[in-house]
J.: 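Dropping the structure in here first, questions after.
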Amino acid sequence: MSRVEPVVSVLLDPTHAATSLVEDVRRGLRAHPLRLPPKWLYDDEGSRLFDEITRLPEYYPTRAERAILEEYADEIVAACDATTLVELGSGTSEKTLLLLDAFTRAEQLRRFVPVDVSEGTLRAAAVSLSERYPGLAVEAVVGDFTLHLGRLPRGDRRMIAFLGSTIGNFYVEERGAFLGVLGDSLEPGEWLLLGTDLVKEADRLVAAYDDAAGVTEAFVRNMLRVLNRELGADFDPDGFSYAPMWDGRMERMDLRLRAEMPQQVRIPGAGLDLDLPVGEELHIEISTKFRLEGIAAELDAAGFDVVRTCTDPDGDFAVTLARRR
Ligand SMILES: C[S@@+](CC[C@H](N)C(=O)[O-])C[C@H]1O[C@@H](n2cnc3c(N)ncnc32)[C@H](O)[C@@H]1O
């Protein structure tokens with residue numbers, strides 16, 4: 001079969017880094033606590049580090065989600081009638097191969113639409129996917145899933161896959177709003193496949209985000225390098241310690257950087273000067289952990305019926321198939 005060349009559409013405008021990052025930095029660093037949206041972690045270096053994280057011995061989520069897809073991908077495909085698969089925050093789409101293989105066995109899929117802010121990673125994935133699946137239309141979208149859900153391709157019956165528990169990076173109020181927009185962007189009868197990391201013992205969670213090789217720490221610190229490069233800031237990444245903590249009340253990992261000395265930081269690109277006392281924390285990313293009943297309730301509130309919930313043998317992770325009412 002002849003290979004169909006991948007198509008890559010860019011929805012982020014060329015001034016995205018200049019305008020959207022400036023707005024996020026002004027909003028996040030004028031508020032208290034100081035907070036930055038995690039999407040800015042994923043420049044080329046951040047995406048490379050995330051890929052390394054997925055292979056760390058302590059980082060069980062990727063292995064658990066892969067085990068679920070190995071076991072259940074054929075059943076998931078048989079349970080839905082999707083002919084277009086859209087993947088949000090697709091990254092390398094490595095685990096998604098299991099789903100794409102199952103769709104290929106069922107001769108069901110016409111089109112795959114990976115969506116990611118990280119352009120380099122997405123372009124490389126699009127090329128290798130179209131080589132692996134000749135005949136599948138790969139229509140990659142460089143875009144932001146908090147801004148561009150309304151501009152995803154229509155037609156066909158779509159399944160949106162949102163894997164890797166990336167949904168856990170939203171704060172609770174943002175998550176409800178995001179799921180609502182996601183529901184509104186699908187037609188009745190279309191599909192959502194959601195990967196969620198489940199609540200478990202705190203020591204395993206902390207170990208997963210504070211790995212012995214320090215890769216997660218480097219990933220989180222990369223945020224400061226992005227701000228230095230894009231906005232001419234003068235953060236000294238070594239002036240901060242990495243402080244991952246489990247927040248048992250909110251049931252989330254909270255990944256922060258803590259100032260270890262008083263720091264005056266200039267961020268000329270955002271017109272901001274910061275005076276950080278010792279102990280001041282920058283909130284870089286959260287990773288909320290879920291319970292099965294909570295997932296079902298949140299999906300129900302966003303207009304979805306849960307059709308199937310699959311977990312790995314250790315009960316670490318869940319993949320939920322839901323249908324838009
Ligand atoms: C936690 S990683 C998960 C990657 C992959 N789906 C997996 O399961 O291993 C999050 C991915 O979402 C992308 N991402 C983060 N925020 C985004 C946003 N607002 N819009 C689009 N992609 C985003 C990142 O570039 C990264 O590839």
Side-chain angles (χ1 to χ4, degrees), residues 8-13 16-17 20-21 23-24 28 36-56 59-69 73 85-100 112-126 129 140-152 160-171 174-175 177-179 181-182 185 192-197 208-209 215-216 219-220 222-223 226 252-253 255 284-289 312 316-319:
V8 181
S9 317
V10 182
L11 298 186
L12 298 177
D13 69 70
H16 176 70
S20 184
L21 175 60
E23 280 167 29
D24 285 346
L36 292 158
K39 70 179 175 200
W40 299 108
L41 287 167
Y42 292 93
D43 63 347
D44 286 345
E45 176 63 0
S47 297
R48 188 192 68 72
L49 286 166
F50 180 76
D51 197 44
E52 215 177 308
I53 288 172
T54 64
R55 283 188 281 275
L56 291 169
Y59 194 76
Y60 64 84
T62 303
R63 282 190 302 280
E65 192 175 40
R66 181 178 298 117
I68 294 170
L69 293 174
L85 177 64
V86 178
E87 182 179 14
L88 303 181
S90 49
T92 59
S93 286
E94 207 178 301
K95 274 171 284 147
T96 319
L97 301 181
L98 295 160
L99 211 50
L100 290 169
F112 178 51
V113 183
V115 181
D116 208 287
V117 275
S118 187
E119 182 163 355
T121 305
L122 185 67
R123 284 187 182 275
L129 286 161
V141 175
V142 183
D144 181 336
F145 53 60
T146 63
L147 300 174
H148 297 133
L149 289 183
R151 293 175 62 186
L152 297 177
I160 293 191
F162 197 27
L163 302 178
S165 208
T166 304
I167 185 86
N169 297 148
F170 286 113
Y171 286 87
E174 297 169 343
R175 190 168 77 231
F178 172 80
L179 284 172
V181 176
L182 193 61
S185 71
L192 171 66
L193 190 68
L194 184 65
T196 43
D197 194 12
Y209 293 88
V215 184
T216 313
F219 173 71
V220 171
N222 188 48
M223 180 70 94
V226 169
R252 68 189 188 206
M253 284 299 302
L255 310 184
I284 307 289
E285 185 172 67
I286 59 162
S287 182
T288 303
K289 306 304 166 188
D312 58 302
D316 280 338
F317 204 94
V319 172

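Counting begins at 1 with the first residue of the sequence. Excluded from the calculations below are hydrogen atoms, water molecules and symmetry mates; all remaining heavy atoms, backbone and side chain alike, are included. We count ligands from 1, going down the list as the structure has it; atoms in each ligand are counted the same way.
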J.: Would you call the rings of Phe162 and Phe170 parallel, tilted or perpendicular if under 30° counts as parallel and over 60° as perpendicular?
T.: tilted
J.: Where's the contact between Thr166 and ligand 1, heavy-atom distance under 4.0 Å: side chain, backbone, both or neither?
T.: side chain
J.: Return yes or no for this condition: an N or O of Leu88 is under 3.5 Å from an N or O of ligand 1.
T.: no
J.: Could you tell me how the ring of Tyr42 sits relative to the ring of Phe219: parallel (under 30°), tilted (30 to 60°) or perpendicular (over 60°)?
T.: perpendicular
J.: If you measure every N or O of Phe50 against every N or O of ligand 1, does any of those distances drop under 3.5 Å?
T.: no
J.: Using distance alone, decide if ligand 1 has a nitrogen or oxygen within less than 3.5 Å of any nitrogen or oxygen in Asp144.
T.: yes
J.: Enumerate the atoms of ligand 1 whose separation from the nearest heavy atom of Lys39 is less than 4.0 angstrom.
T.: 16 (N), 17 (C), 19 (N)
J.: Between Lys95 and ligand 1, which residue portion shows a heavy-atom distance shorter than 4.0 Å: side chain, backbone, both, or neither?
T.: side chain
J.: Quick one, Phe50 and Ser118 - any side-chain contact, counting heavy atoms below 4.5 Å?
T.: no
J.: Do me a favour and list the nearest non-hydrogen protein atom to atom 25 (O) of ligand 1 with residue, atom name and distance?
T.: Asp116 OD1, 2.6 Å
J.: Taking both backbone and side-chain atoms of Thr54, is any N or O found less than 3.5 Å from an N or O belonging to ligand 1?
T.: no
J.: Is any side-chain heavy atom of Asp24 less than 4.5 Å from a side-chain heavy atom of Lys39?
T.: yes
J.: Please report which non-hydrogen protein atom sits nearest to atom 22 (N) of ligand 1, along with the residue it belongs to and the distance in Å to one decimal place.
T.: Val117 N, 3.3 Å
J.: For Tyr42, which part has a heavy atom under 4.0 Å from ligand 1: side chain, backbone, both, or neither?
T.: side chain
J.: Please report which non-hydrogen protein atom sits nearest to atom 23 (C) of ligand 1, along with the residue it belongs to and the distance in Å to one decimal place.
T.: Phe145 CE2, 3.3 Å
J.: Is Val115 in polar range of ligand 1, meaning some N or O pair under 3.5 Å apart?
T.: no
J.: I'd like to check which ligand 1 atoms, numbered from 1 as shown, lie under 4.0 Å from a non-hydrogen atom of Gly91.
T.: 27 (O)
J.: State the atoms of ligand 1, each with its element, that fall below the 4.0 Å cut-off from a heavy-atom position in Gly164.
T.: 8 (O)
J.: Is Asp144 close to Leu11 at the side-chain level, that is, under 4.5 Å between some pair of heavy atoms?
T.: no
J.: Check for me whether Thr62 has a heavy atom closer than 4.0 Å to any atom of ligand 1.
T.: no
J.: Are the side chains of Thr96 and Ser90 in contact, using a 4.5 Å heavy-atom criterion?
T.: no
J.: Where do Asp197 and Pro61 come nearest, in terms of heavy atoms and distance?
T.: OD2-CG, 3.9 Å
J.: Check Phe145 against Gly89 and note the closest heavy-atom contact, atom names and distance.
T.: CD2-N, 3.8 Å
J.: Would you call Gly143 a ligand 1 contact, heavy-atom distance under 4.0 Å?
T.: yes
J.: So which protein heavy atom does atom 6 (N) of ligand 1 come closest to, and at what separation?
T.: Gly89 O, 2.7 Å
J.: Less than 4.5 Å apart, any side-chain heavy atom of Val226 and any of Leu41?
T.: no
J.: Could you pull out the closest heavy-atom pair between Pro38 and Glu285, with the gap in Å?
T.: CB-OE2, 3.4 Å
J.: Are the charged groups of Arg48 and Asp44 less than 4.0 angstrom apart, N to O?
T.: no
